[in-house]
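Here is the structure we will look at.
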Amino acid sequence: MSTDVTAEGGHGAVPTGPEVPVEPRAAVSRRDWPLYEVFVRGKRGLNHVHVGSLHAPDDEMAVHAARDVFTRRNEGVSIWVVKAADITASSPDEKDPMFAPSGDKVYRHPTFYEIPENVPHM
Amino acid sequence: MSAPTLERPAPDETALQQQFDATIAADHRIEPRDWMPEGYRKTLIRQVAQHAHSEIIGMQPEGDWLLAAPSLRRKAILLAKVQDEAGHGLYLYSAAETLGADRADLTDKLIEGRQKYSSIFNYPTLTYADVGVIGWLVDGAAICNQVPLCRSSYGPYARAMIRVCKEESFHQRQGYELLMTMMRGTPEQRAMVQDAVDRWWWPSLMMFGPPDDDSPNSAQSMAWGIKRHSNDELRQRFVDMTVPQAEFLGVTLPDPELSLDPETGHHRFGAIDWDEFKRVISGHGPKNAERIARRRAARDDNAWVTEAATTYAAKHAEAVA
Amino acid sequence: MGHEETVYEALDHAHGGEGHWAFGTGFDEPLAGVDTTVPDGVDPADLGTYCLMLGDDALVLAQRLTQWVTAAPELEEEVAVANVALDLLGQARLLLARAGSVGVLGRSRERATESIPDEDALAYFRDPDEFRNTALVEAENGDFGQTMARLLVASTVRLAVFSRLRESRDPVLAAIAAKGVNELAYHRDHAARWVLRLGDGTGESHRRVQAGVDAVGPLLADVLTATDVEQRLVAGGVAVDPADVREEVRSVLTQVLDQATLRVPEWPADTPPRGRVGQHGPELTTLLATLQGLARQHPAATW
């Protein structure tokens with residue numbers, strides 16, 4: 001009985017069976033907003049560091065959404081946003097040829113830099 | 001002008017697998033552009049997506065009380081909390097996107113029932129005490145699950161979880177503080193708290209998933225460092241953490257078999273009735289339909305907004321170019 | 001507490017642990033050190049009533065915006081709209097508390113027990129006819145376009161009022177206004193960005209947001225004429241005369257709507273104030289029934 005529940009992710013027990021009733025309906029077609037990477041300078045004297053990403057229709061909306069989502073409008077911080085597609089990244093171990101067949105979407109997200117331990121609010 | 005693409009020697013998959021295994025063994029993080037086994041990628045996408053869906057659907061049980069919160073202070077706290085959950089979903093979808101998933105596609109899968117979310121959010125919130133108990137027990141259980149995930153072997157997931165966990169402490173504390181206030185209130189309020197504890201205790205234990213000997217996928221996830229502790233270990237930790245908190249609060253946890261084992265220092269607890277869990281879940285089937293319907297409405301009713309912004313951006317990008 | 005709990009505490013501490021993510025940074029008490037004495041020559045009843053006008057506008061609009069939480073287009077907007085609602089809720093609490101502290105509690109104290117703070121007595125235990133908000137904020141949301149059109153108009157008016165109110169002779173109102181202007185400028189800009197994108201987006205979005213603007217436009221009439229209370233307070237250097245902000249409001253709205261390729265609605269004819277003197281539509285009764293229901297079921301409870 002219990003095997004049709006699995007514990008994955010932060011809120012645990014997720015049903016695995018098809019028993020959850022959801023009426024089938026075709027998805028509405030739409031054009032999605034591009035992905036932006038967000039960099040925040042938490043305090044004066046620090047570098048901007050990567051804090052995450054979000055979707056926005058354009059640059060102006062992206063920078064304001066970043067403020068709402070990642071700083072809850074903390075005045076005095078500085079935010080950079082850049083379209084993920086516009087980032088050029090190195091290939092860490094020249095393994096891209098292996099990776100490429102898995103889909104080019106991964107390249108939209110080449111960063112998520114390691115953040116030093118002593119950076120606050122990260 | 002870019003250089004011509006030159007042919008390279010074919011990569012050695014065995015070597016890549018060895019390097020992946022060595023990274024995991026050394027407790028280092030796997031990063032988005034690293035080679036990874038397909039099973040690892042798929043398991044992670046499923047887990048991170050389910051986690052993100054749970055955050056987003058998890059806004060609704062408490063969100064039902066946003067307009068009716070009984071004081072302005074409670075309204076502000078609850079609004080900030082529900083807002084955080086939207087943020088958590090957003091961070092987690094981002095982590096899934098580093099694996100090649102797409103947020104809009106994951107949302108479609110949720111709405112079409114092809115991906116699931118945590119069953120706990122299909123329980124109704126009958127009184128305002130439920131808001132407190134969700135913070136205390138459900139978020140408490142989530143913290144037990146989530147803190148180890150801050151050390152998940154996949155870097156973006158681990159980093160998203162650090163941010164999430166930081167915010168979850170506020171969630172659990174506001175819940176417990178609400179319950180303390182209600183327990184000092186009227187007899188009616190105290191009864192509401194006990195009733196909510198009675199309804200949420202067992203579902204909270206069920207959040208940790210099936211017992212270890214009935215959890216076939218766990219071993220692989222543990223080996224990959226996606227999961228750090230077994231279901232039963234985490235469940236035990238949660239019970240040990242919660243029992244003294246319940247005593248302090250002055251509520252009774254609805255389990256006559258609950259007792260401290262002096263030998264081990266752990267609390268023994270009664271058997272979880274999984275059939276009951278399933279019955280309750282299916283008995284409240286309408287909640288599932290309602291939760292999904294709200295997500296569907298948010299997507300479909302506002303599709304014109306999303307599209308308008310895209311169109312505006314395209315017009316003005318052309319104007320600049 | 002188990003091992004992971006300790007890990008968690010350490011993590012929380014290492015990353016600042018000051019609740020940065022919960023409510024925004026800083027927990028400055030906005031009224032710390034502010035003189036709360038009612039200025040000479042000012043009738044406390046007038047001052048309190050004026051605080052109710054501004055406070056009720058914020059409370060009712062916050063409630064309307066909160067209806068979008070779990071229903072907004074995209075998660076980013078979910079977070080943004082909640083931020084605006086939280087700001088307004090904060091303004092409402094300060095203003096209602098000020099009204100209570102100068103003794104303006106209406107009939108709320110006949111129902112609310114002593115343990116209930118003034119802000120909650122006023123929010124939860126007044127009847128609709130005691131609410132002083134304008135028709136502009138109590139109208140239903142409509143679709144997202146209409147919601148943003150209303151937010152644009154309401155935050156433009158409120159920002160114009162608050163920026164002048166920073167000079168109020170009442171130090172409490174001046175402090176509340178000083179804190180509020182930054183928030184309101186952000187709300188206005190957020191709404192303006194959306195009105196621009198919807199107006200100059202697709203044919204459908206243009207049509208919808210124009211309908212929203214047209215629905216909201218006439219409601220301006222209820223905001224821009226002073227009540228007797230306001231007139232007396234304007235004379236005393238405490239309140240802002242709504243007539244003084246008309247030109248600014250008209251200019252800002254025209255600028256945004258022009259750029260959004262939208263038609264500026266006809267400026268409404270002057271009418272005697274209704275909402276400010278407690279005359280409301282059925283929308284407010286419904287809104288308050290939801291807001292107040294639980295608190296009124298348990299008048300002796302503390303939360």
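- Annotation: maximal heavy-atom pairing with chain C below 4.5 Å, among B:G185, B:S71, B:A86, occurs at B:S71.
- For C:L59, the part sitting under 4.5 Å from any heavy atom of chain B is the side chain, from C-beta outward, and nothing else.
- Of the atoms belonging to B:A297, not a single heavy atom falls under 4.5 Å from chain C.
- Heavy-atom pairs under 4.5 Å with chain C peak, among B:G132, B:G89, B:A68, at B:A68.
- The aromatic rings of B:F238 and B:F208 are tilted relative to each other, their planes meeting at an angle between 30° and 60°.
- For the pair C:R111 and C:F125, the cation does not sit on the ring face, since its NZ or CZ is not both under 6.0 Å from the ring centre and inside 45° of the axis.
- Summarising the geometry of B:V48 relative to B:A95, their closest heavy-atom pair is CG1-CB, 4.1 Å, with the distance given to 0.1 Å.
- Residue contact with chain B, scored on non-hydrogen atoms closer than 4.5 Å, involves the backbone and the side chain of C:E76 alike.
- In summary, of the residues considered (B:D301, B:D300, B:D64), a salt bridge (charged side-chain N to carboxylate O under 4.0 Å, His left out) with B:R294 occurs for B:D64 alone.
- Only the side chain of C:L96 has a heavy atom closer than 4.5 Å to any heavy atom of chain B.
- Looking at B:R295, only its side chain comes within 4.5 Å of chain C, counting heavy atoms on both sides.
- B:D232 and B:Q236 are not linked by any side-chain donor-acceptor pair at a separation below 3.5 angstrom, with hydrogens and angles left out of the test.
- A side-chain N or O of C:E138 and one of C:H280 form a donor-acceptor pair less than 3.5 Å apart.
- Only one option out of C:V195, C:L198, C:V256 pairs with C:L262 in a side-chain contact (heavy atoms from CB on, under 4.5 Å); it is C:V195.
- A donor-acceptor contact closer than 3.5 angstrom links the side chains of B:H51 and B:Y157.
- Residues C:R207 and C:Q210 bring no donor and acceptor atom of their side chains to less than 3.5 Å of each other.
- Of the listed residues B:E85, B:H171, B:R74, B:Q60, the one with more heavy-atom pairs under 4.5 angstrom with chain C than any other is B:R74.
- Your options are C:D200, C:T66, C:L291, C:L89, and the one with the most heavy-atom pairs under 4.5 Å with chain B is C:D200.
- In this structure, the portions of C:A301 lying under 4.5 Å from any heavy atom of chain B include both its backbone and its side chain.
- The aromatic rings of C:H190 and C:W194 sit perpendicular to each other, their planes meeting at more than 60°, with 30° as the lower class boundary.
- Interface remark: B:M183 contributes no atoms to any contact with chain C (heavy atom separation under 4.5 Å).
- Contact count against chain B (heavy-atom pairs under 4.5 Å) is highest for C:T70 among C:V69, C:L294, C:T70.
- Of the atoms belonging to C:A85, heavy atoms from both backbone and side chain fall under 4.5 Å from chain B.
- Of the residues considered (B:V305, B:T186, B:T181), B:V305 shows the highest number of contacts with chain C, using heavy-atom pairs under 4.5 Å.
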Review point. Going through the distances and angles, do B:R291 and B:Y117 end up as a side chain to side chain contact (heavy atoms under 4.5 Å, CB included)?
Key: CA-CA 11 Å; B:R291 305 272 188 249; B:Y117 57 88; 3.9 Å; yes

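- Contacts of B:L178 with chain C are made by side-chain atoms alone, with heavy-atom separations under 4.5 Å and no backbone atom involved.
- Heavy atoms of C:Q67 lying under 4.5 Å from chain B belong to its backbone as well as its side chain.
- Looking at C:Y124, only its side chain comes within 4.5 Å of chain B, counting heavy atoms on both sides.
- With chain B as the partner, the residue from C:R208, C:R296, C:H206, C:R193 showing the most heavy-atom pairs under 4.5 Å is C:R208.
- Side chains of B:D240 and B:H266: a donor on one and an acceptor on the other come within 3.5 Å.
- Residue B:I56 touches chain C through its side chain alone, counting heavy-atom pairs closer than 4.5 Å.
- Nearest heavy atoms, B:S152 versus B:R228: C-NH2, 4.2 Å.
- For C:A72, the part sitting under 4.5 Å from any heavy atom of chain B is the backbone (N, CA, C, O) and nothing else.
- Using a 4.5 Å cut-off between heavy atoms, B:V82 contacts chain C through its side chain alone, with no backbone atom that close.
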